[in-house]
Amino acid sequence: MTTNPFILDAECLHKAFGGLMAISDLSFKVREGEIKSVIGPNGAGKTTLFNLITGVHPASSGKIHFQGKPINGLKPHVIARLGISRTFQTVELFSQMTVLENVMVGCHPRSRAGLFSSGFRLPHMRKEEKWIRDQSFEILKLGSLLGRADLPAGSLPLGEQKTLEVLRALATGPKLILLDEPAAGLNEVETQKMADLLYSIRDSGVTILLVEHDMSLVMKVSDEILVINYGEKIAEGPPAQIQNDQKVIEAYLGGEALLCLN
Amino acid sequence: MDLQGQIIQYLATGLTLGSIYAMVGLGFTIIYNATGIINLAQGEFVMFGGLIMVFFTTTLGLPLFLSFFITLALTTGIGMLYERLFIHHPSKTAPLMTLLIITVAVSIFFRGIAMFIWGKEPYSLPHFSSPEPIIIGGAAILPQVFWILGLSLLAVILMNIFFNRTITGKAMSACAVNRVAASLVGIDVSKMVLLSFALSATLGALAGASITPIALMEYDRGPMLALKGFCAAVLGGLGFGTGAVVAGFLLGLIESFTTGFISSAFKEATALIILILVLFIKPSGIFGSAEVGKIKKI
Amino acid sequence: MGKNNYLKLLVMAAIIAVVPLIVSGDYHLSILVFMGINCMVVVGLSLLMGYAGQISLGHAAFFGIGAYSTGILTTQFGLSIYAAFLCGILFSSLVAVIIGIPALRLQGHYLAIATLGIGEIIYIIFNEMVGLTGGPSGLSNIPAFHVGGYPFSHSIQYYYLVWGALLVILWFSLNLIHSRVGRALKAMHGSEVAAGAMGINLSAYKIQIFVLSAIYASIAGSIYAHFVSFIAPNNFAFMNSIMFLMMGVVGGLHNIWGAVMGASLMTFLPEYLRVFKEFDILIYGAILLAILLFMPEGFLEGIPMLYRKYFKRGEA
């Protein structure tokens with residue numbers, strides 16, 4: 001059986017905000033089942049890239065294929081239902097809702113009870129509700145947040161909020177998950193936990209596209225790395241190759257990232 | 001009356017109505033810019049303007065111009081008191097929705113006070129000058145119409161100078177753009193909010209005092225005026241004073257001409273349909289930019 | 001929906017059953033009927049505003065569409081009450097969809113003014129379509145509600161009808177809040193971009209809830225029309241929309257029970273303030289201001305908060 005080994009395929013992406021080119025002529029592919037990282041200096045266009053893939057902003061031009069199907073121009077919720085989920089650089093939890101409820105919201109694409117059946121509590125809705133609850137507890141267990149289930153999400157410390165965001169994204173049942181700086185602001189222990197979580201997500205068959213500034217984490221977990229600067233690709237390859245790439249070193253020159261690269 | 005006469009007549013009526021809507025709309029805009037609040041008690045400033053003027057001229061028999069200024073001063077005072085008592089404290093914590101409802105409650109409260117003092121019947125005022133209409137191009141126009149137009153134009157010009165040429169005015173504009181940043185550069189935001197209510201009330205009083213001679217005034221005129229002014233403010237691109245003034249005049253003219261040429265039944269509907277169309281096609285208002293609308297949400 | 005809410009519904013049902021034993025007289029009972037009618041509308045507003053985060057300043061129009069639909073269809077077209085009731089619901093849903101699709105793309109104040117404008121246009125239509133609605137002088141002789149040929153001739157019958165219907169509406173709404181749909185609404189209110197990323201179709205839910213709240217208002221309007229047998233456009237003007245909103249804010253829009261409390265209090269208050277004659281508006285306004293100033297989140301949350309603040313200060 002011949003299948004497309006690439007889950008995501010971006011071709012010649014362009015995105016301009018007014019006169020500012022945020023992404024220009026960017027092409028890359030993500031292989032199914034790998035952890036691919038996108039790195040680059042601040043303002044390089046990493047978050048914009050995520051917003052293009054998830055449909056938050058439309059691309060000015062270029063194509064994005066997910067599992068062989070074009071997804072540009074689709075609304076964010078449609079893309080999410082196709083199997084792309086994400087987290088946000090600035091934590092975007094539903095802070096008034098409990099930890100459990102956040103994950104339950106995540107189960108949205110995998111359930112279907114509507115207004116009518118929910119309001120009348122029809123039998124299939126009750127069954128589904130139980131499934132959502134059980135599923136959510138399973139997912140919380142994965143990130144060791146079971147003990148926090150009934151707390152308001154906004155009351156968690158940052159590390160757990162970041163974990164919860166990843167879990168919530170996981171609850172949608174994605175095939176590809178985009179993580180925007182999941183380790184930002186985490187201490188060493190928490191970062192290690194995050195790395196373990198990433199591995200277990202990948203091992204469950206979910207492809208990961210990671211934006212991260214913590215170079216040691218990136219170098220450790222990534223199968224492949226894409227480096228962008230000023231919205232353009234400057235290098236792509238396995239970690240060992242990126243570490244020795246002259247252009248990458250130049251892009252980071254003067255920054256402490258240089259030290260981390262080596 | 002021939003067609004030309006009719007047109008001039010409707011034009012005069014439209015401009016008169018329009019100048020009132022423009023003033024109320026401008027009042028909305030000033031408070032909205034300083035606080036983000038839609039002040040639904042804006043119409044009550046107009047009502048107070050008219051009725052206080054009635055009290056000083058008819059009841060106390062003071063000369064017209066003296067009582068005119070007393071009216072402006074008193075209504076401005078009411079506006080300031082309103083801000084200190086009902087807005088100043090809650091605006092720090094309450095959600096915008098609650099603040100909106102507070103302004104509704106204030107408007108009910110003000111109507112209660114007015115009904116207690118003046119009762120339910122409408123009052124009239126002597127015209128500022130001769131009540132004999134002037135014939136222009138076949139149309140009979142009351143001199144009071146020129147007073148209304150003149151006074152509102154004067155007010156708009158003064159407001160323009162204030163916001164663009166004086167330090168205090170510029171400070172208020174700064175609050176509109178970013179309150180936190182304004183307070184960081186040393187602008188007393190709380191004082192600016194107070195001032196915005198004061199200015200808004202003055203504008204309302206001016207409108208009220210000048211229309212009462214031809215339109216009468218009673219305790220519950222406010223909500224209707226607030227609705228029209230609100231329309232003007234939104235059509236003009238919420239937060240944009242000149243836009244509100246122009247939109248106010250447009251609304252007045254549209255109403256007057258639909259009444260004249262189509263039917264009085266649909267004068268309100270035409271203005272509203274235009275409003276809805278504008279909102280659906282260009283939500284930021286005729287004169288607003290897309291960005292302004294995104295900044296402030298309820 | 002949680003044991004707590006079932007318990008509250010049971011308590012409420014018990015209160016509904018007991019109240020007529022204490023309260024008698026047509027006047028007091030009719031106020032209770034109006035109370036229930038207002039509760040229905042405000043519960044819908046609470047779903048729309050408190051949960052879905054969308055504002056409406058034109059809900060009196062849907063109330064009016066319900067009232068006029070049953071009114072016109074029963075008096076002029078000889079339709080049965082039940083058919084007219086259903087038509088009212090269908091018609092207001094239809095209007096809600098037509099309005100909702102363009103309007104709910106707007107945000108904040110723009111949505112507020114759009115709903116306000118549409119509400120006013122519908123109000124003008126009530127006034128101007130004299131042939132159907134009777135124009136400003138109103139529509140009279142709307143038949144009483146009946147069950148199996150027995151007409152409702154006393155307020156007590158309407159009392160049970162209204163509050164019974166309200167119990168069903170509350171049960172439905174509470175179920176909804178504690179379901180996938182309710183969570184989606186809360187999520188949307190919390191962060192639209194994150195909700196979108198969770199596969200939640202924002203615009204579809206906004207419209208569904210808008211329609212649902214319009215249906216509640218329409219049911220309330222239909223019952224109202226049968227109860228008072230005479231309706232005029234003034235019952236459905238801008239100020240009525242604002243009154244519904246105010247009831248919600250006073251009770252607390254973020255909670256269905258707050259909507260019920262707010263609507264009850266604000267229906268009850270003006271009726272019993274009539275003893276103060278000319279002072280009534282003044283006192284009404286003052287009480288309203290006091291509630292809003294001291295309990296900006298509505299009194300359902302406000303009263304316990306004030307209680308903690310003033311009576312339990314020493315224990316902390």
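Letters A, B, ... are given to chains in the order of the sequence lines, protein chains preceding strands, and every chain is numbered from 1. On a predicted model such as this, the values are computed, not experimentally measured, just so you know.
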A.B. asks: Between L202(C) and H77(A), is the side-chain contact (heavy atoms from CB on, under 4.5 Å) condition met? List the steps.
C.D. replies: CA-CA 8 Å; L202(C) 304 172; H77(A) 70 93; over 6 Å; no

A.B. asks: Sort T172(A) into side chain, backbone, both or neither according to what part of it lies under 4.5 angstrom from a heavy atom of chain C.
C.D. replies: side chain

A.B. asks: Mind listing the closest non-hydrogen atom pair of F94(A) and A194(C) along with its distance?
C.D. replies: CE2-CB, 3.7 Å

A.B. asks: Report yes if the side chains of N201(C) and V78(A) come closer than 4.5 Å at any heavy-atom pair, otherwise no.
C.D. replies: no

A.B. asks: Nearest 0.5 angstrom please: L176(C) CG to F120(A) CZ, how far?
C.D. replies: 10.5 Å

A.B. asks: If I measure from the heavy atoms of chain C, does E165(A) come under 4.5 Å with its side chain, its backbone, both, or neither?
C.D. replies: neither

A.B. asks: How long is the gap from NE2 on H189(C) to CE on M97(A), to the nearest 0.5 Å?
C.D. replies: 12.0 Å

A.B. asks: May I ask you to name which of R86(A), M125(A), R112(A), E128(A) has the most heavy-atom pairs under 4.5 Å with chain C?
C.D. replies: R112(A)

A.B. asks: Quick one, L115(A) with I209(C), criterion side-chain contact (heavy atoms from CB on, under 4.5 Å). Give me CA distance, side-chain angles, the key distance, then yes/no.
C.D. replies: CA-CA 9 Å; L115(A) 195 82; I209(C) 295 300; 3.8 Å; yes

A.B. asks: Which answer fits I132(A), side chain, backbone, both or neither, if we ask what part of it has an atom under 4.5 Å from a heavy atom of chain C?
C.D. replies: side chain

A.B. asks: Can you confirm whether more than 12 heavy atoms, excluding those of F116(A), are under 6.0 Å from its CZ atom?
C.D. replies: no

A.B. asks: Other residues, nucleotides and ligands only: do more than 12 of their heavy atoms fall within 6.0 Å of CE on M295(C)?
C.D. replies: yes

A.B. asks: Could you tell me whether Y160(C) atom OH has more than 12 heavy atoms of other residues or ligands within 6.0 Å of it?
C.D. replies: yes

A.B. asks: Looking at F294(C), I want to see if its CZ is surrounded by more than 12 non-hydrogen atoms of other residues, nucleotides or ligands under 6.0 Å.
C.D. replies: no

A.B. asks: Measure the spacing between CE of M198(C) and OG of S85(A) and express it to the nearest 0.5 Å.
C.D. replies: 4.5 Å

A.B. asks: Between R180(C) and H108(A), is there a donor-acceptor pair closer than 3.5 Å when you use the side chain of the first and the backbone of the second?
C.D. replies: yes

A.B. asks: Working to the nearest 0.5 angstrom, can you tell me the gap between C107(A) SG and R183(C) CZ?
C.D. replies: 8.0 Å

A.B. asks: More than 12 foreign heavy atoms under 6.0 Å from NZ of K15(A): is that the case here?
C.D. replies: yes

A.B. asks: Given the options G196(C), G182(C), G190(C), A184(C), which has more heavy-atom pairs under 4.5 Å with chain A than any of the others?
C.D. replies: G196(C)

A.B. asks: Under 4.5 Å from any heavy atom of chain C, what part of M104(A) do you find: side chain, backbone, both or neither?
C.D. replies: both

A.B. asks: Relative to chain C, which segment of R110(A) carries a heavy atom at a distance below 4.5 Å: side chain, backbone, both, or neither?
C.D. replies: neither

A.B. asks: Please classify the contact between F88(A) and chain C as side chain, backbone, both or neither, with a heavy-atom cut-off of under 4.5 Å.
C.D. replies: side chain

A.B. asks: Using heavy-atom distances under 4.5 Å, tell me whether V56(A) contacts chain C through its side chain, its backbone, both, or neither.
C.D. replies: side chain

A.B. asks: K75(A), R81(A), Q96(A): which one forms the most heavy-atom pairs within less than 4.5 Å of chain C?
C.D. replies: R81(A)

A.B. asks: Using a cut-off of under 4.5 Å on heavy-atom pairs, state which of L212(C), V168(C), V181(C), I177(C) scores highest against chain A.
C.D. replies: V181(C)

A.B. asks: Specify the closest pair of heavy atoms between A197(C) and A80(A), including all atoms of both residues, with the distance to one decimal.
C.D. replies: O-CB, 3.3 Å

A.B. asks: Which atoms of E129(A) come close to chain C, meaning under 4.5 Å heavy atom to heavy atom: side chain ones, backbone ones, both, or neither?
C.D. replies: side chain

A.B. asks: As an exercise, state the distance from OG of S179(C) to CZ of R126(A), rounded to the nearest 0.5 Å.
C.D. replies: 13.0 Å

